[in-house]
Amino acid sequence: MAQKLPPYLAALNPEQLAAVRHEGSPLLILAGAGSGKTRVVTTKIAWLVRERGIDPASILAVTFTNKAAREMRERAAAIEPACERAVIRTFHSFGAWFLRRNASQAGLAPTFTIYDEDDQATLLHGALPQYERSECRRIAQVIARAKDLGLAPDSRDLARVASDPALRRIYAIYEERLRATGNVDFGDLISLPARLLARDEAVRRRTRQRFRVILVDEYQDSNTAQFELLRLLAGDGSDGIPPAYVCVVGDDDQSIYRFRGAEVRNILSFPELFPGTTIVRLERNYRSYQSILDVAGDVVSHNAGRLGKELKAERRGGDRPRLVLLEDQDEETAYCARICESRVRSGGRWSDVAILYRTNAQSLAFEKEFPRRGIPYRIVGALRFYEREEVKDVLAYLALLLNGRDEVAFARVVNKPARGIGETSLEILTSAASDPERGHGGDFLLAAAAEAEQLRGKAKSGVREFLSLVKSFRGILGASEGSLADLVERVAHDSGLLEYHRGQDEIAGTQKAANIDELVNAATLYPPTAEGLAEFLETIELDRSLSAEDSGADAVTLITMHNTKGLEFPVVIVTGLEQGLFPRDDDEGEELEEQRRLFYVAITRAKDELHLTACRWRRLHGRLYETLPSRFLSEIAPERLAFGGRLIPTGRADTGRVAVQGGGPGAASGSRSAAGPSPWRAGQAVYHEDHGAGVIIKVTPTPNSGPHVVVRFESGKVAQFFPKFTTKLELSRD
DNA sequence: AGTGCAACTCTTTTT
DNA sequence: GAGTTGCACT
């Protein structure tokens, strides 16, 4: 290299450097797991500002999580402090930011609040009481998917999201009700900005003139609506404003949010949709040993429709990942515990180990057993602070202060704690609020004030009491001193919620009052103004990772595979690798491929050591099922895996059972192993309890798990078994 | 209006 | 097996 690079660039490999210094055409960075993606993006932002003289305020970088946005901002600013001024946000938070700044054009108040799916369901239930709550939840989800796809109630393609012909009408009613509240839902944060940009030339021009560089991280998880927003933001030059420089970063092999509307095709077809695209592949992996990436590569190679990418480990060698077939969950828990213990015994930390599973319910076994063994653990993403009843109650009072049309918030707290306002009274107030004759403009507080006279006795005094509460809270909102925490505290206390929930705590042993305190605490950072309150509510609504998660304590991580994206651990154990659980039996086609990608993500989290476990017996929904190992396991070349080391007693001597960890000579598991040469040979006829008669088409010996056989049944179905671990498969004798 | 019981339903869930 | 929801009862 002729000229000397500044230090922040000199550390990059050639592909990374090319990605950072690319300009002039759309750029697609295909960044494999562990390939230094964040470093490239942050360096690129800094480089644009520092070397190319780009105004940081004209750079928009969107991510999918707040955590990623924070990290990106910090790391870019660490290289070039001016990057603080870049707009680095999640897609949704950018949408909210944009809508607040263009509120009047969007037909919204700048202090609108955001409804989550629970609120959406409540709104639906209020509009369509004939549908029960659970049904409303389902419908809310369908509507959310429709918005992900950018489909409005009158879109011709609405059937793509659900075939029910009633959907169009329900969706239309929902939209009408939602607009009447003056609030927005998650989907609106993407679709309303897009609609505004499409329709309002002045806003469009102003926005396009401002954002000259647009970066999108985790692009494989973007949905159709987000893609449309991106296109509108970037422009195509036809309005005389040159298109923004668009750079998307992602990994098609890590697209795992299809069920939430993510559209892998966005990344697969990016080069066609943005003509002239340059593609840079980052395939050097700095995280894992090659032995681990080999396994990951085998798995993901079974997917069709990939952009194609092969990870190469900078860290050669490494132990072969270990596949361990176990009897049941107890053995699985014990196996994981032993891995953790031996890690610590050999000088490591508890936090080196992560235990991954497909469903949250699987964490339970570990939660029960680990305390007994003195293993500290933390569960990532299980309990959701903001979704708790008591938290939502306080938030509803707060939201109502900003917006009297918030039907959901009003209905939630007008009678909470109980003030004698029943269903009938609520009905009277609700219809009064929306009655055009009465001119309340949909404002429930105005309606309540005007119509209280119509109510009687308890309801009347209850409404009066409620209104005077709201009035006093609004008084605090104008205060020039103190922080928002004062208001939140007053709301919690004066409303009676704190006492109400304290009472609940005593009955049920919960911590609701403490949670309210935590909410009060979180509000200290905001000013006691309407804007401060709106910002506080937005942060809570959009950044739900706020809960006390990163305590930094030394503990084993229990986590769903989905939640591990972007993380890494020295030791990873992927548990529950059983057919029916992962993948589920009904996973096929696109869904099956997505599950395979999920497995890929899970595997590539491991830096040094990877363990894979499967149980023969799995308890699911309170029932015990006999399972087969996941089909994904048979997609791994057997020689890439170790099948365990030793035979370890489970410690339950009374049953005489052993945990197969594989291992030593003659490692026999219980009574099912037969002596002598294996009867499992290709061509051998077999019978399976569920699948019927079949013929063995392939046998692969394993050191300790007995032979692995592949059987073709008369039905044409091909399935694989470890005869050692199933009683359902028998040799046919004749 | 609040409590208690039976019936239901169960993936994943950045925002 | 556990948590949630609707409904009936008081």
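Residue numbers begin at 1 in each chain, while the letters A, B, ... track the order of the sequences.
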Taking CZ from A:R138 and P from C:dT5, how many angstroms apart are they, rounded to a whole number?
13 Å
At 4.0 Å (heavy atoms only), tell me whether A:R623 reaches a base, stays on the sugar-phosphate, or touches nothing.
nothing
In whole angstrom, give the distance that lies between atom CG of A:L364 and atom P of C:dA2.
7 Å
When you look at A:Y377 and A:F366, which way does the ring pair (Phe, Tyr, Trp, His ring centres under 6.0 Å) test go after all the steps?
CA-CA 9 Å; A:Y377 65 87; A:F366 300 104; 9.1 Å; no
Contact class for A:R137 vs. all strands (heavy atom < 4.0 Å): base, sugar-phosphate, or nothing?
sugar-phosphate
Would you indicate which nucleotide in B:dT12, B:dA1, C:dA2 comes nearest to any side-chain atom of A:A418?
B:dA1
Distance check needed: B:dT11 P versus A:R596 CZ, whole Å only.
22 Å
Taking the same atom, P, in C:dT5 and in B:dT12, what whole-Å distance lies between them?
16 Å
Base, sugar-phosphate, or nothing for A:D116, non-hydrogen atoms under 4.0 angstrom?
nothing
Specify the residue among A:R419 and A:D221 whose closest nucleotide of DNA chain B lies further upstream toward the 5′ end.
A:R419
Should A:F259 be counted as stacked on B:dT12, where stacking needs a ring-centre gap under 5.5 Å and an angle between planes under 30 degrees?
yes
For A:Q141 and B:dT11, give me the distance from atom CD to atom P, rounded to whole Å.
11 Å
Between B:dC10, B:dT14, B:dT15, which nucleotide has the shortest distance from any of its atoms to the side chain of A:Y257?
B:dT14
Nearest-Å distance, CD (A:E389) to P (C:dT4)?
10 Å
Distance check needed: B:dT15 P versus A:I540 CD1, whole Å only.
14 Å
Quick one: do A:R100 and A:E538 make a salt bridge, cutoff under 4.0 Å?
yes
Quick one: do A:E332 and A:R618 make a salt bridge, cutoff under 4.0 Å?
yes
Among the nucleotides C:dT4, B:dT12, B:dT15, which one has an atom lying closest to any side-chain atom of A:T90?
B:dT15
Per the atom types in the model, does the base of B:dT12 pair as donor or acceptor with the side chain of A:R260 at under 3.5 Å?
no
Electrostatic pair A:R179-A:E175, nearest N-O below 4.0 angstrom
yes
Any base atoms under 4.0 Å from A:D587, or only sugar-phosphate, or nothing? Heavy atoms, all strands.
base
Scan A:V184, A:L178, A:T122 and name whichever one has a side-chain contact (heavy atoms from CB on, under 4.5 Å) with A:Y115.
A:L178
Classify the nucleic acid contact of A:I421 as base, sugar-phosphate or nothing, counting any heavy atom under 4.0 Å across all strands shown.
sugar-phosphate
Interatomic distance, A:D148 CG vs B:dT13 C1' [rounded to whole Å]
11 Å
Tell me what A:G420 touches on the nucleic acid: a base, only sugar-phosphate, or nothing, going by heavy atoms under 4.0 Å.
sugar-phosphate
Looking at A:N66, I'd like to know whether one of its side-chain N or O atoms comes within less than 4.0 Å of OP1 or OP2 on B:dT15.
yes
Looking at B:dT13, I'd like to know if its phosphate oxygens (OP1 or OP2) sit under 4.0 Å from a side-chain N or O belonging to A:N563.
yes
State which of B:dT11, B:dT13, B:dT15 makes the closest approach to the side chain of A:R358.
B:dT11
Return the value, rounded to whole Å, for the distance between atom CG of A:D118 and atom P of B:dT13.
17 Å
Among the nucleotides B:dT12, B:dT14, B:dC10, whichever has the atom closest to the side chain of A:T65 is B:dT14
Nucleotide nearest A:E132 (side chain, heavy atoms from C-beta), chosen from B:dT14, C:dG6, B:dT15:
C:dG6
Checking salt bridge (Lys or Arg N to Asp or Glu O under 4.0 Å) against A:D221, which of A:R260, A:K565, A:R597 comes through?
A:K565
Can you identify which nucleotide, out of B:dT14, C:dG1, B:dG2, has its nearest atom closest to the A:F64 side chain?
B:dT14
In terms of side-chain heavy atoms of A:T560, which of B:dA1, B:dT13, C:dG1 is nearest?
B:dT13
Please check the phosphate of B:dT12 (OP1 and OP2 only) for any side-chain N or O of A:N360 closer than 4.0 Å.
yes
Examine A:H302 together with A:Y600 and report whether their ring centres are nearer than 6.0 Å.
no
